[in-house]
Amino acid sequence: MAADGARVRSAAVTGRTPSLTPPDDAVAPVRHADAPAPGELLGAHYEYCFGCGDGQPHGLHLQARAAAGEGVAITAEFTVLPEHQGAPGLAHGGVLATALDETLGSLNWLLRVIAVTGRLETDFVRPVPVGTVLHLDAEVTAVAGRKIYSTATGRIGGPDGPVAVRADALFIEVKVDHFIDNGRPDEIQAAMQDPDQVRRARAFEVNP
């Protein structure tokens, strides 16, 4: 568990770039006993999240499901809309990076930990046209203390489609204090007062 009041500091502040290679003492991830069952839709972790929230009219509305098997893995999809353009008719690279980050962050719900993005390294393999359904697969590869290592791939059109984007990431487990200390009070208070215990917990699931 994270130390009290732990916060993630950016590389610009610490002067160090966190490695995406798990250390020698890293262990295989263990899916939490209360994690969603294989095939189960995870749903939005927060209504106003740009990646998955229904309250964002121009958001990605990304939908993630727990993947089959014993590992910590999910699948996700989102449709590239005209609002997501960068170059004419093509998805903005930042939007694609957001989709990868959202998918990777959703993995933490299968571990039942609160974690934030420490580092995200993205490879853009091919353009993604507007109207494309981007299929994403992500899995946690290792855990070392508070550090969670994961990887994701995005394919055009479906799980067997051509690879368009890839990412490796490092997430850092934190306590809810990270959000309380850094978030805007109105939104934090509203999320914490939600009577639904699961929604209240998931609201703080992932945020850079």
Side-chain angles (χ1 to χ4, degrees), residues 8 31-32 34-68 72-84 91-92 94-118 120 122 128 130-140 148 150-155 158-159 165 167 169 171-176 178-180 182-208:
V8 175
R31 196 170 184 156
H32 194 279
D34 296 327
E40 184 178 336
L41 189 67
L42 272 60
H45 80 87
Y46 177 52
E47 180 182 2
Y48 298 108
C49 172
F50 181 79
C52 65
D54 294 333
Q56 289 285 3
H58 301 308
L60 305 188
H61 300 163
L62 186 143
Q63 295 191 333
R65 293 182 183 275
V72 180
I74 63 171
T75 63
E77 286 187 344
F78 91 97
T79 300
V80 179
L81 302 177
E83 293 83 0
H84 303 147
H92 192 293
V95 167
L96 298 176
T98 299
L100 288 161
D101 185 45
E102 181 69 27
T103 304
L104 289 158
S106 296
L107 288 164
N108 298 311
W109 187 237
L110 275 63
L111 297 172
R112 279 297 197 274
V113 298
I114 301 172
V116 296
T117 312
L120 179 70
T122 306
V128 180
V130 168
T132 295
V133 175
L134 191 68
H135 178 91
L136 299 115
D137 292 288
E139 66 174 335
V140 177
I148 302 165
S150 51
T151 188
T153 300
R155 296 175 179 271
V165 288
F171 282 78
I172 309 295
E173 184 179 350
V174 297
K175 287 192 173 182
V176 73
H178 170 85
F179 303 94
I180 294 172
N182 295 290
R184 196 164 69 165
D186 289 350
E187 281 84 350
I188 294 293
Q189 199 65 24
M192 294 186 72
Q193 290 177 349
D194 192 322
D196 187 303
Q197 184 177 358
V198 173
R199 278 205 311 261
R200 190 167 64 244
R202 289 207 68 198
F204 302 101
E205 176 184 313
V206 59
N207 199 356

Closest non-hydrogen contact found for Leu62 with Cys52 is O-CB, 3.5 Å
Can you see which heavy atom on Ala152 is nearest to which on Leu104, and at what distance?
CB-CD2, 3.6 Å
Using a 4.5 Å cut-off on heavy atoms from C-beta on, say whether the side chain of Phe78 contacts that of Val80.
yes
Counting heavy atoms not belonging to Gln56, are there more than 12 under 6.0 Å from its CD?
yes
What one should report as the nearest heavy-atom pair of Gly39 and Arg65 is O-NH1, 2.9 Å
Output the distance between atom CG (Asp137) and atom CD (Glu77), rounded to the nearest 0.5 Å.
9.5 Å
Can you name the closest pair of heavy atoms from Leu96 and Ala91 and give their distance?
CD2-CB, 3.9 Å
Search all heavy atoms of Arg112 against all heavy atoms of Ala35 and return the closest pair with its distance.
NH1-CA, 3.9 Å
In short, Leu120 meets Ala97 closest at the heavy-atom pair CD2-O, 3.8 Å
A side-chain contact here means heavy atoms from C-beta on lying under 4.5 Å apart; do Leu107 and Ile148 qualify?
no
Test side chain to side chain contact (heavy atoms under 4.5 Å, CB included) applied to Pro36 and Ile74, Leu110, Leu41, the passing residue
Leu110
With heavy-atom distances below 4.5 Å as the criterion, would you say the side chains of Glu102 and Leu60 are in contact?
no
